[in-house]
Amino acid sequence: LAPAPVRSTGPHFPMVVYATGKGINVLQETYRRFGKDWDGPRTEDGKAHGLALDSILHEILITEFDLSVQRTVDARDDLELLSRERRYFRRERRLTYEQRGSTHRVVPDAGYFAAVRSESDRQLLPLMLLEMENGTHSMAKLRRKLQGYRRWAKGGAADWLSRFYDDYGEPQKRSFRLLLVAHDKHGTVSDERRLLDLLIVTLELPANLRDSVWLTTANDLLPDRSTAATLDRTVWLRAKDCRALLPELRKFPQGRGQRRYATQRQFLRERIATLPRRGLFPQPELPPQRVILK
């Protein structure tokens with residue numbers, strides 16, 4: 001293990017370390033001595049990525065989300081985390097689609113698959129694919145990223161999801177959620193502005209994918225890093241709940257200039273304030289209350 005060489009960070013920035021392949025072997029062997037299996041990958045892909053501040057901050061935000069998922073599951077007796085995955089880079093788990101004779105991939109930041117248990121059965125929730133948007137992408141890049149998901153949903157998603165759910169006894173299940181978390185790492189335009197940008201390009205998607213998108217901001221999701229936050233708060237906006245806005249939104253002049261985006265942001269900002277916010281997991285059913293009349 002070695003500290004990641006990161007400059008220009010504040011005094012409270014977390015200590016970040018990276019491991020070589022040999023270090024991963026040591027970790028796996030340590031787990032075995034304690035009677036546990038740890039399926040940690042030696043590397044995400046064949047080429048090395050730089051240890052820039054932006055990429056490390058991105059990894060920390062994903063890790064904080066991952067910890068929040070685990071804390072939520074640990075805090076509730078009715079939730080079970082069946083599967084988690086980071087990046088989907090392993091060959092047998094890649095999310096691929098064919099286009100013009102070539103194979104392409106979408107690479108979510110992470111994926112989570114959970115179930116809600118009751119006394120009589122277990123309900124599988126949709127697979128949740130996470131994209132942590134850190135404010136580093138232009139509108140054009142955001143659009144290209146979501147178009148990749150559109151092509152996957154239209155192409156290889158059905159077979160991939162069928163194989164995935166088949167391991168849990170429901171091969172006919174095809175649904176998934178795409179979780180978009182908006183963050184303004186520079187602190188110049190706000191997380192809300194980044195969310196509006198994500199919502200603009202999301203509402204351009206076809207209905208079958210658009211209705212699968214859930215959005216929130218990092219500030220709403222992880223407001224206080226000093227506490228063990230969970231994901232039970234109602235902070236998620238579903239793109240499906242924005243359907244009624246589409247006819248009026250489509251009346252805006254065509255084009256992709258900054259002036260058009262500014263008008264769309266203002267339109268959406270005023271209207272989504274009244275839309276419901278939802279929790280990521282269903283809330284547990286409360287036992288019926290007994291009322292005693294006197």
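No hydrogens, no waters, no symmetry mates; every other heavy atom, side chains included, goes into these values.
- Among residue pairs with one or both ends in residues 146-166, those qualifying as side-chain hydrogen bond (donor to acceptor under 3.5 Å, both in side chains) are E131-Y149, Q147-R150; sequence neighbours excluded.
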Determine all donor-acceptor pairs shorter than 3.5 Å in which one atom belongs to a side chain in residues 169-178; sequence neighbours excluded.
residue : atom : partner : partner atom : Å
K173    : NZ   : L124    : O            : 3.4
R174    : NH1  : P171    : O            : 2.5
R174    : NH1  : Q172    : O            : 3.4
R177    : NH1  : L280    : O            : 2.8

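- With sequence neighbours excluded, the residues forming a side chain to side chain contact (heavy atoms under 4.5 Å, CB included) with V189 are D184, R193, R194, listed by chain and number.
- Applying the salt bridge (charged side-chain N to carboxylate O under 4.0 Å, His left out) test to R277 and every residue at least two apart in sequence or in another chain returns nothing.
- Between the side chains of D109 and H58, a donor-acceptor pair is found at a separation under 3.5 Å.
- In terms of the side-chain hydrogen bond (donor to acceptor under 3.5 Å, both in side chains) criterion, E119 has no residue partners (sequence neighbours excluded).
- Residues forming a ring pair (Phe, Tyr, Trp, His ring centres under 6.0 Å) with H104 (at least two apart in sequence, or on another chain): Y97.
- Residues that satisfy the side-chain hydrogen bond (donor to acceptor under 3.5 Å, both in side chains) test with D121, not counting sequence neighbours, are S118.
- For E29, the salt bridge (charged side-chain N to carboxylate O under 4.0 Å, His left out) partners two or more places apart in sequence, or in a different chain, are R32.
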**Message:** If you apply the rule side chain to side chain contact (heavy atoms under 4.5 Å, CB included), what do you find for I200 with L142, and how did you get there?
**Reply:** CA-CA 10 Å; I200 288 171; L142 292 177; over 6 Å; no

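- Residues in residues 239-249 take part in these side-chain hydrogen bond (donor to acceptor under 3.5 Å, both in side chains) pairs, two or more places apart or across chains: D211-R243, R238-D241, D241-R278.
- Under the salt bridge (charged side-chain N to carboxylate O under 4.0 Å, His left out) criterion, R144 pairs with no residue, sequence neighbours left out.
- Here Y168 pairs with F113, F164 under the ring pair (Phe, Tyr, Trp, His ring centres under 6.0 Å) rule; sequence neighbours left out.
- Counting heavy atoms from C-beta on, the side chains of D197 and R265 come closer than 4.5 Å.
- Applying the salt bridge (charged side-chain N to carboxylate O under 4.0 Å, His left out) test to R210 and every residue at least two apart in sequence or in another chain returns nothing.
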